[in-house]
Number of protein chains: 2
Amino acid sequence: MGRWEPNARGRLERAALELYVEHGFEQTTVAKITERAGLTERTFFRHFADKREVLFAGSGAMQELCVAAVAAAPDSATPLDMVAAALDAASARWEERGETVRKRQTVIDANAELRERELIKLAALSTALADAMRRRGVAELTARLTAETGIVVLKVAFERWIGDPGQRSLPQLIKECLNALGTMTGSR
Amino acid sequence: MGRWEPNARGRLERAALELYVEHGFEQTTVAKITERAGLTERTFFRHFADKREVLFAGSGAMQELCVAAVAAAPDSATPLDMVAAALDAASARWEERGETVRKRQTVIDANAELRERELIKLAALSTALADAMRRRGVAELTARLTAETGIVVLKVAFERWIGDPGQRSLPQLIKECLNALGTMTGSR
DNA sequence: TACGTGATGACAGTCCCTGTCATCCGGGTC
DNA sequence: GACCCGGATGACAGGGACTGTCATCACGTA
């Protein structure tokens, strides 16, 4: 348990997820996490802004992935196409490690504070997508509305993907939601 | 400053908003709020679940208002019409006391924790709207997507209403966003 | 006037999170 | 090999949010 064991941050992430799964988020104290990781509380808060953030460490990379997808979209793409490309990129990444994603989501869904954090992460993603589209020449209002709509589709499709016993794939569910969206707004 | 001054809850709400405006949310301790209201900390937490909730005391009534609007929509209404009716009801209520609403929103926008709380309140509103639509016979997926889309429109329109120097009314901005939404999804 | 009920006060305690300073490890310099 | 420097960690004190528990108080009612 030397002071200099490698990958302190990774050990904290792992210990936290394990304990959140075993005993729930609220019942887990930061002291217990650092104890399992062989570190001190102070070090935990040097790596993560708060007790919730440890579950969202990967959200930054996911956001960059989505922004890159928008930037890489062909010039012929409509705003909705750009968002769809971003959602494809994100969902592909999630499909890869479905087991971990599901476990993590179970923890989040069981706690209101964590759902709050999840929502603000999605809001940040929406803003980033809107910015990326604006850089592609999309008008302000259109960019904002399209990005937010994309997040809606992501939320609904992801929810169904989690609830389903692995029947349909995430990209498939996203496509279905996008179609339903079209009939919804067009039905008048 | 007797122990039995009337309207303890109201005094707490008022004192909290005042102090949040004067010094910001983070700089305001619950002790300061209860001091101004002539009560104790323990009493604050009997009336409000946490320090943030005091700013969202009215969200329950707003949600009921929206749900009632959906329930009262004519049978000929499409899902999108139902949501539009709900947004009209909500925005009318906000227009009434624009001054207070703007002041409160300034406080919320300045703090990440408060934005988180705002987002989960909107998510709860979305769920309530979807439930109300389902009771009107709307299919599960359609209800969910339409409700979420309505919240998107509300968010974007409200944001523009706050940022604007009172040019366009909130119902007007909502209508504009709904129109832009139609052209967006229909543009392909 | 006595009593019951609900709201408030008083107090101790836990946990999250922060500021500060000392300590340690690894790597580069001479 | 001795020296040193920068980044990461430990140790400690402390504030503030929130909770549990019991005593106390005001008010309506019999």
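By convention in this document, chain letters (A, B, ...) are assigned in the order of the sequence lines, proteins followed by strands, and residues within each chain are numbered from 1.
Using modelled atom types, no side-chain atom of A:Thr142 and backbone atom of A:Val138 make a donor-acceptor pair closer than 3.5 Å. Between the A:Arg115 side chain and the A:Asp109 main chain, a donor and an acceptor come within less than 3.5 Å of each other.
By the 6.0 Å contact criterion, CZ on A:Arg52 is enclosed, its count of non-hydrogen atoms from other residues, nucleotides or ligands being greater than 12. Within 6.0 Å of CD in B:Gln27 there are 12 or fewer heavy atoms belonging to other residues, nucleotides or ligands. Shown here is A:Glu22, whose CD atom has more than 12 heavy atoms of other residues, nucleotides or ligands within 6.0 Å.
In this entry the distance linking CZ of B:Arg9 with P of C:dG6 reads 18 Å, nearest Å. Rounded to whole angstrom, the span from the CD atom of A:Glu5 across to the C1' atom of C:dC24 amounts to 14 Å. Residue A:Leu39 contributes atom CG, which lies 14 Å from atom C1' of D:dA11 at whole-angstrom precision. Summarising the geometry, the separation between CZ on B:Arg42 and P on D:dG20 is reported as 8 Å, rounded to the nearest angstrom. Protein atom CZ of A:Phe25 is 8 Å distant from nucleotide atom P of C:dC16, rounded to whole Å. The CD atom of A:Glu35 sits 16 Å away from the C1' atom of D:dG10 (whole-angstrom rounding). At whole-Å resolution of the value, CG in A:Asn7 and C1' in D:dT9 are 15 Å apart. Regarding B:Phe44, its CZ atom lies at a distance of 13 Å from the C1' atom of D:dG16, rounded to whole Å.
Residues A:Ile174 and A:Val101 share a hydrophobic cluster, clusters being chains of Ile/Leu/Val/Met/Phe/Trp/Tyr side chains in contact below 4.5 Å.
Within residues 110-120 of chain A, no residue is approached by DNA chain C to less than 4.0 Å at the level of any non-hydrogen atom.
Looking at A:Lys155 and A:Leu119, their side chains come closer than 4.5 Å, going by heavy atoms from C-beta outward.
Each of D:dT19, C:dC17, C:dT8 was ranked by its minimum atom distance to the side chain of A:Asp50; first place goes to C:dC17.
Separating the CZ atom in A:Arg36 from the OG1 atom in A:Thr28 is a distance of 9.0 Å, to the nearest 0.5 Å.
If A:Arg46 and A:Glu41 are placed on DNA chain C by their nearest nucleotide, the residue sitting closer to the 5' end is A:Glu41.
Within the 4.0 angstrom heavy-atom criterion, no nucleotide atom of any strand lies near A:Ala31.
An OP1 or OP2 oxygen of D:dA8 is reached within less than 4.0 angstrom by no side-chain nitrogen or oxygen of A:His47. Close to D:dG10, at under 4.0 Å from its OP1 or OP2, lies a side-chain N or O of A:Thr43.
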B:Glu159 and A:Arg144: salt bridge (Lys or Arg N to Asp or Glu O under 4.0 Å), yes or no, with the steps? CA-CA 11 Å; B:Glu159 190 179 304; A:Arg144 185 76 207 286; 2.7 Å; yes
Tabulate atom names and distances for all N/O pairs under 3.5 angstrom spanning the protein and nucleotides 13-15 of chain C.
none

